[in-house]
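Data first, discussion second: the structure below is written as structure tokens.
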There are 2 protein chains.
Amino acid sequence: MAATIRDVAQASGVHVSTVSRTFSAPHLVNTETRNRVLAAAEDLGYRPNRAARALTTGRTHNLGLIVADIANPFFSHLIKGAQAHARTRDYHVFVADTDEDPQVEEELIQTLAKQVDGVLLCSPRLSNRVIEKLREDVPFVVVNRRMKGMSNVLMDVGSGAREAIGHLVSLGHRRIALLAGPAGSWTSREITDAAHAVPGIDLTVFGPNSPTEHGGLALAEAVASADVTGVLAYNDLMAIGLVEGLTALGVEVPGRVSVVGIDDIVAGRVSRPKLTTVAMPAEAAGRTAVDLLLQLVGAGETATPALATLATNLIIRDSTGPVRRELRTDP
Amino acid sequence: MAATIRDVAQASGVHVSTVSRTFSAPHLVNTETRNRVLAAAEDLGYRPNRAARALTTGRTHNLGLIVADIANPFFSHLIKGAQAHARTRDYHVFVADTDEDPQVEEELIQTLAKQVDGVLLCSPRLSNRVIEKLREDVPFVVVNRRMKGMSNVLMDVGSGAREAIGHLVSLGHRRIALLAGPAGSWTSREITDAAHAVPGIDLTVFGPNSPTEHGGLALAEAVASADVTGVLAYNDLMAIGLVEGLTALGVEVPGRVSVVGIDDIVAGRVSRPKLTTVAMPAEAAGRTAVDLLLQLVGAGETATPALATLATNLIIRDSTGPVRRELRTDP
DNA sequence: GTGAAAGCGCTAACAC
DNA sequence: GTGTTAGCGCTTTCAC
């Protein structure tokens with residue numbers, strides 16, 4: 001067993017409380033004594049046990065981070081940002097993956113609640129009602145879902161979607177398909193609402209869908225036989241899957257159908273045609289979310305929820321092009 | 001504050017120890033009593049505090065998982081596999097990212113050591129010596145590094161590299177470049193050794209390099225001006241970056257240079273030309289590593305280190321092709 | 001089968 | 001500036 005505070009106390013000839021103080025409130029202890037304690041600690045390889053500390057302080061210095069799919073590049077970047085930032089504030093982070101299952105999501109939050117000072121809930125699939133309830137157990141920051149009275153980190157995906165569709169429209173597209181994301185996704189709803197609000201287009205919504213390459217692939221036939229010339233997908237993974245499927249069916253992209261994704265993952269940049277997409281600042285979102293969460297945790301009961309909205313922007317590449325003359329609807 | 005074991009005891013009219021037993025050794029308590037306790041617990045929303053439990057049992061039911069770069073798809077799949085598997089065994093996992101910095105790696109292990117029952121060290125950049133020392137603090141499973149006396153999960157990347165080079169040779173390539181990975185990487189060493197052992201080729205090694213798209217991109221000029229027709233890269237990210245760079249320089253892939261990656265990430269499958277690569281079973285490695293680690297943790301002092309070797313396999317796609325007649329070295 | 005009591009490693013009043 | 005003491009939530013002998 002590793003050295004405890006008691007070993008250090010004994011070795012340096014002081015009481016345990018003095019040792020405790022040298023670590024948690026160094027200014028309260030005599031320089032000389034402190035040095036002696038530090039030396040002994042160093043010597044014994046002593047490291048404070050955070051779990052034991054948590055028991056008395058009520059602060060674990062741990063954060064929970066819950067995402068739908070760790071392997072999705074959007075989330076892995078978010079995790080990276082959150083983790084790196086948390087580390088600079090001396091926090092460790094538990095990462096958990098719900099596999100898109102709301103049930104798992106709820107369970108995870110509950111078991112994690114006791115071991116963390118707060119949780120980052122990313123793109124939840126849970127209902128607002130359940131989240132409100134869970135909130136009594138542990139402070140939250142919710143990423144990619146607008147929830148009144150809670151701290152939120154949002155990406156302005158609605159305006160991203162508008163930009164994307166505007167881009168399609170400017171290329172002459174009028175009959176547009178929207179590939180929705182999973183049920184329960186706020187982002188998917190935002191995109192859908194934004195798309196519906198664009199005037200002068202004829203919108204067909206497919207979904208809900210699995211937000212994966214496979215989900216996109218599975219829609220290829222439906223899209224090919226639908227009477228559309230432009231597509232906006234819930235994310236790049238789906239867009240990539242769709243392009244694969246379309247290509248396999250002999251439907252040219254962007255020759256016959258233009259495709260826009262959302263996220264800006266590496267795969268989209270290197271796929272052919274290079275994917276036009278709405279860039280989402282995933283890593284920044286992770287950092288910001290940690291900031292808001294720590295702010296919440298620090299403030300305790302008096303905490304005021306904050307709202308951060310991050311900009312998105314359209315990146316035009318090669319998967320979108322002008323609508324073919326013979327497919328055009330209006331002059 | 002949430003309900004504690006004491007609240008449940010009071011509510012169900014038994015002593016705390018009985019409540020404790022209903023959760024940790026249910027068979028030792030009368031069915032009727034147990035039901036009463038369970039009902040009260042349910043009612044109060046009681047959940048055992050794992051940190052407090054850890055203090056007495058010495059088991060935190062937490063695992064640490066340390067990788068070089070969370071956003072690298074190879075690692076994110078590994079994390080996904082490990083996390084999912086850990087969850088089925090009622091373990092939570094801390095994920096941490098070293099950003100390829102050995103210093104950070106060491107520090108991370110030390111601070112994590114006290115809060116976890118064991119750590120999964122993936123593709124460490126630390127020296128064997130330091131790892132051996134750290135091992136006294138906490139049980140390890142090391143992924144992608146052969147270390148005597150410790151549990152290891154290895155991928156047979158040496159044979160993968162041999163296969164890849166064999167494939168290049170069969171296409172007529174003789175002058176081959178190897179893009180090494182970061183310093184301290186066992187995998188990089190294995191690949192290099194395997195490549196050096198292939199007879200009849202003329203090998204040029206570039207590196208060490210940053211194992212990222214950017215790292216590959218940065219090598220494009222050097223590769224273009226080197227007298228080689230085939231390339232094996234440390235990973236797909238580098239291979240993709242290299243292909244980008246080469247293409248920008250007007251060097252055709254696979255027309256003038258054939259490129260093979262390692263990992264089999266999505267981006268490689270969708271990039272053009274589709275990347276020939278050595279598939280690495282990242283998710284399975286994560287699961288296996290958790291198994292070995294839990295085995296180690298369960299066995300305590302008497303633990304016998306285990307070794308798991310996972311197969312890799314070459315996936316031939318479009319980034320490799322026959323060497324051009326005029327570039328051929330021998331008949 | 002259940003209760004009593006000690007203690008895990010640490011912090012936080014409160015004395016001195 | 002440092003020691004004393006109680007206690008965080010839980011498990012684990014040991015009695016009964």
Side-chain angles (χ1 to χ4, degrees), chain A residues 1-38 40-41 44-62 90 110-117 137-138 300, chain B residues 1-38 40-41 44-62 90 111-117 137-138:
Chain A
M1 206 51 189
T4 81
I5 202 173
R6 237 181 298 273
D7 300 325
V8 178
Q10 193 153 21
S12 49
V14 298
H15 217 264
V16 289
S17 47
T18 305
V19 178
S20 173
R21 274 187 287 258
T22 37
F23 287 98
S24 42
H27 57 281
L28 290 180
V29 30
N30 186 316
T31 315
E32 199 195 322
T33 323
R34 184 177 20 177
N35 288 146
R36 202 144 36 92
V37 171
L38 255 18
L44 295 166
Y46 168 76
R47 301 216 148 226
N49 180 327
R50 292 173 155 231
R53 178 179 286 176
L55 212 48
T56 51
T57 59
R59 287 266 171 282
T60 61
H61 266 244
N62 291 152
D90 196 27
Q110 286 178 339
T111 58
L112 234 35
K114 281 292 202 345
Q115 323 199 55
V116 301
D117 294 342
D137 295 354
V138 61
Chain B
M1 205 50 190
T4 80
I5 202 173
R6 236 181 301 272
D7 300 325
V8 178
Q10 193 154 21
S12 50
V14 298
H15 215 264
V16 289
S17 45
T18 305
V19 178
S20 173
R21 275 186 286 256
T22 38
F23 286 98
S24 42
H27 59 279
L28 290 181
V29 31
N30 185 316
T31 315
E32 198 194 325
T33 323
R34 182 176 21 176
N35 288 145
R36 200 144 39 91
V37 171
L38 255 19
L44 295 166
Y46 168 74
R47 303 217 147 226
N49 181 326
R50 294 174 153 231
R53 178 180 285 177
L55 212 49
T56 51
T57 61
R59 288 265 171 282
T60 61
H61 266 243
N62 291 153
D90 196 28
T111 58
L112 235 34
K114 281 292 202 343
Q115 325 199 54
V116 300
D117 295 342
D137 295 353
V138 60

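Chain identifiers are assigned alphabetically (A, B, ...) following the order of the sequence lines, protein sequences preceding nucleic acid strands; residue numbering begins at 1 within each chain.
A straight line from CZ of A/Arg21 to P of C/dA15 spans 15 Å, rounded to a whole angstrom. In this structure, CG of A/Leu55 is placed 11 Å from P of C/dT11, rounded to the nearest angstrom. Straight-line distance from the CZ atom of B/Phe23 to the P atom of D/dT12: 15 Å, rounded to whole Å. Atoms NE2 (A/His15) and P (C/dC16) sit 15 Å apart, rounded to a whole Å. Separating the CG atom of A/Asn49 from the C1' atom of C/dG7 is a distance of 14 Å, rounded to the nearest angstrom. Residue A/Leu28 contributes atom CG, which lies 14 Å from atom P of D/dG3 at whole-angstrom precision.
In terms of modelled atom types and a separation under 3.5 Å, the side chain of B/Lys114 and the main chain of A/Arg47 share a donor-acceptor contact. Put simply, the side chain of A/Thr60 never gets that close to the backbone of A/Ala54: no donor and acceptor are under 3.5 Å apart. Within the 3.5 Å criterion, the main-chain N or O of A/Ala113 finds no donor-acceptor partner in the side chain of A/Asp137. Under a 3.5 Å cut-off, the side chain of A/Asp117 and the backbone N or O of A/His61 do form a donor-acceptor pair.
Side chain A/Arg47 to base C/dG9: no donor-acceptor pair is found below 3.5 Å.
Listed by residue number, the members of residues 5-13 of chain A with any heavy atom below 4.0 angstrom from DNA chain D form an empty set.
Base contact: A/Ser20 has a heavy atom under 4.0 Å from a base atom. B/Tyr46 comes within 4.0 angstrom of the backbone, heavy atoms only, and of no base. Using a 4.0 Å heavy-atom criterion, one finds that A/Ser17 contacts the bases of the nucleic acid, with or without backbone contacts as well.
Of the candidate nucleotides D/dG3, C/dT2, D/dT2, C/dT2 has the atom lying nearest to any side-chain atom of B/Thr18. The nucleotide whose nearest atom lies closest to any side-chain atom of A/Thr33 is, among D/dC8, D/dG1, D/dG9, D/dG1. When each of D/dC10, C/dG3, C/dC10 is scored by its nearest atom to the side-chain atoms of B/Arg53, the top-ranked nucleotide is D/dC10.
The shortest side-chain heavy-atom distance between A/Asp7 and A/Tyr46 does not fall under the 4.5 Å cut-off. Counting heavy atoms from C-beta on, the side chains of A/Thr4 and A/Asn49 never come closer than 4.5 Å. Counting heavy atoms from C-beta on, the side chains of B/Asn62 and B/Arg50 come closer than 4.5 Å.
Taking the nucleotide of DNA chain C with the nearest heavy atom to each of B/Val14 and A/Thr57, the more 5' of the two is matched to B/Val14.
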What pairs of donor and acceptor atoms, side-chain ones from residues 12-25 of chain A against any protein atom, are under 3.5 angstrom apart with sequence neighbours left out?
unit_1, atom_1, unit_2, atom_2, d
A/Ser12, OG, A/Val8, O, 2.6
A/Thr22, OG1, A/Thr18, O, 3.2
A/Thr22, OG1, A/Val19, O, 2.4
A/Ser24, OG, A/Ser20, O, 2.8

Each base of DNA chain D marked ( ) or [ ] if paired in-strand (Watson-Crick or G-U under 3.5 Å), | if paired to another strand and . if unpaired gives ||||||||||||||||

